[in-house]
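Hydrogens, waters and symmetry mates are skipped; everything else that's a heavy atom, side chains included, is used. We count ligands from 1, going down the list as the structure has it; atoms in each ligand are counted the same way.
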Amino acid sequence: MDSIGVLMPIHMNSYLEQELQKRFNVFKLWTFPNKTLFLKEHSSSIRAIVGNAAAGADAETIEALPNLEIVSSFSVGIDKVDLNKCREKGIRVTNTPDVLTDDVADLAIGLILAVLRRLCEGDRYVRSGKWKKGDYKLNTKFTGKRVGIIGMGRIGKAVAKRAEAFSCPISYYTRSEKGDLEYKYYPSVVELASNCDILVVACPLIEETRHIINREVIDALGQKGVLINIGRGPHVDEPELVKALVEGRLGGAGLDVYENEPEVPEELFGLENVVLLPHVGSGTVETRTAMADLVINNLEAHFLKKPLLTPVV
Ligand code: NAP
């Protein structure tokens, strides 16, 4: 298989790159100064793309690669892959579900605790020596708070399971009610937001879920409510979120993802009720290794004409 051209648009993980290079002819796009020239010279030898949550395969890239057969994404979210274009051209698409679920759900709980219990602020309080001048202020209890979840798939369910251990009543919104779940279902995001203290976004980014968190939802969540986004940045109308936090219309936010990564609105930097992470939901050594293995196993299966492990298209 070492003659098969595999394109990586950006650097994503050293282990993934090394393992791919052992098996395929890997083109690291970021090492080529002139992308147009690169495509002119190498486009016909590329049969696979390995993308991720930041860079996948848009229509232009797909059109530029006449022999592309598969896009294997180093992520579960495939919002950076033009799925319609892939379907139209018979290009297969795979992702990395399940192996990252626990980490992302763990991080959601971590963000909830960090926001409510002011973990980052408390840490800064100790490091700056302020503790010597007086005790830290009181913060907010997590146990028993009402947790609402948008998207009750693999990650949503894993967040719910963890929150149940904190005695939290769980409710959710998805396009259709899940008959097998005992959690309370709300048929709209506004109703869900009106009936929870903490709202967790865990659905895929598709056209209908872009700005699923808008001003109306933020206001329904209210002055004491906390928004946790471990989905994708464009789920949230970010200027509206910033305004609500600055004006005190929302209680707090824990964010792993942003509309225009790695840009983060600077107005958030000074707010104590906000915890900001650099899109690290699946960012542990263990999980990124498992994700890399899944990417490679999907590519090998494809080129050996075996069934794909985790097909999307
Ligand atoms: P999943 O198992 O496919 O679950 C998706 C859930 O979202 C399902 O319950 C689905 O239910 C619901 N959903 C789909 N469309 C919806 C809509 N229009 N409105 C409301 N709910 C909708 O996916 P997953 O593995 O849990 O992953 C979820 C997302 O998490 C990924 O797509 C990815 O973007 C994000 N993620 C982020 C990180 C990170 O680093 N922060 C890491 C991994 C994943 P219905 O179909 O019934 O609506």
Regarding ligand 1, does [X] bring an N or O atom to under 3.5 Å of one of the ligand's N or O atoms?
| X | value |
| --- | --- |
| Met152 | yes |
| Thr101 | no |
| Ile230 | yes |
| Val104 | no |
| Gly156 | no |

Region of [X] engaging ligand 1 - heavy atom pairs below 4.0 Å:
| X | result |
| --- | --- |
| Pro204 | both |
| Thr209 | side chain |
| Val76 | side chain |
| Arg154 | both |
| Arg232 | side chain |

Exercise for review: Under the side chain to side chain contact (heavy atoms under 4.5 Å, CB included) rule, collect the residues that match up with Lys157, sequence neighbours excluded.
Suggested key: Met152, Leu181

Practice item. Establish, yes or no, whether a centroid distance under 6.0 Å links the rings of Tyr173 and Tyr186. Key: no

Identity and distance of the protein heavy atom lying nearest [atom]:
| atom | answer |
| --- | --- |
| atom 12 (C) of ligand 1 | Gly151 CA, 3.8 Å |
| atom 4 (O) of ligand 1 | Gly153 CA, 3.2 Å |
| atom 22 (C) of ligand 1 | Cys203 CB, 4.0 Å |
| atom 28 (C) of ligand 1 | Ala202 O, 3.5 Å |
| atom 20 (C) of ligand 1 | Tyr173 CE2, 3.5 Å |
| atom 30 (O) of ligand 1 | Ile155 CD1, 3.7 Å |
| atom 16 (C) of ligand 1 | Arg175 NE, 3.6 Å |
| atom 21 (N) of ligand 1 | Thr174 CA, 3.7 Å |

Is [Y] paired with [X] through a side-chain N to carboxylate O contact shorter than 4.0 Å?
| X | Y | result |
| --- | --- | --- |
| Arg232 | Asp79 | yes |
| Arg175 | Glu208 | yes |
| Asp219 | Arg249 | yes |
| Glu177 | Lys184 | no |
| Asp106 | Arg162 | yes |
| Asp103 | Arg288 | no |
| Lys22 | Glu19 | yes |
| Lys85 | Glu63 | yes |

Practice item. Test Val217 against every option in Ile212, Leu192, Leu199 by the side-chain contact (heavy atoms from CB on, under 4.5 Å) rule and name the one that passes. Key: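 Testing each of Ile212, Leu192, Leu199 against Val217, the sole residue satisfying side-chain contact (heavy atoms from CB on, under 4.5 Å) is Leu199.
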
Using a 4.0 Å cut-off to any heavy atom of [X], which atoms of ligand 1 qualify?
| X | answer |
| --- | --- |
| Ser282 | 40 (O) |
| Gly77 | 32 (O), 33 (C), 34 (O) |
| Ser176 | 47 (O) |
| His279 | 39 (C), 40 (O), 41 (N) |

Exercise for review: Go through the side-chain N and O atoms of Ser14 and Glu17 and say whether any donor and acceptor fall under 3.5 Å apart.
Suggested key: no

Check your understanding: Judged by modelled atom types alone, do Asn67 and Ser45 share a side-chain donor-acceptor pair under 3.5 Å?
Key -> no

Review point. On the ring face of Phe32, is Lys28 found with NZ or CZ under 6.0 Å from the centre and within 45° of the axis?
Key: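 Checked: cation-pi criterion not met.
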
Check your understanding: Should Lys178 be listed as contacting ligand 1, given a heavy-atom distance under 4.0 Å as the test?
Key ->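 Heavy atoms of Lys178 do come under 4.0 Å of ligand 1.
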
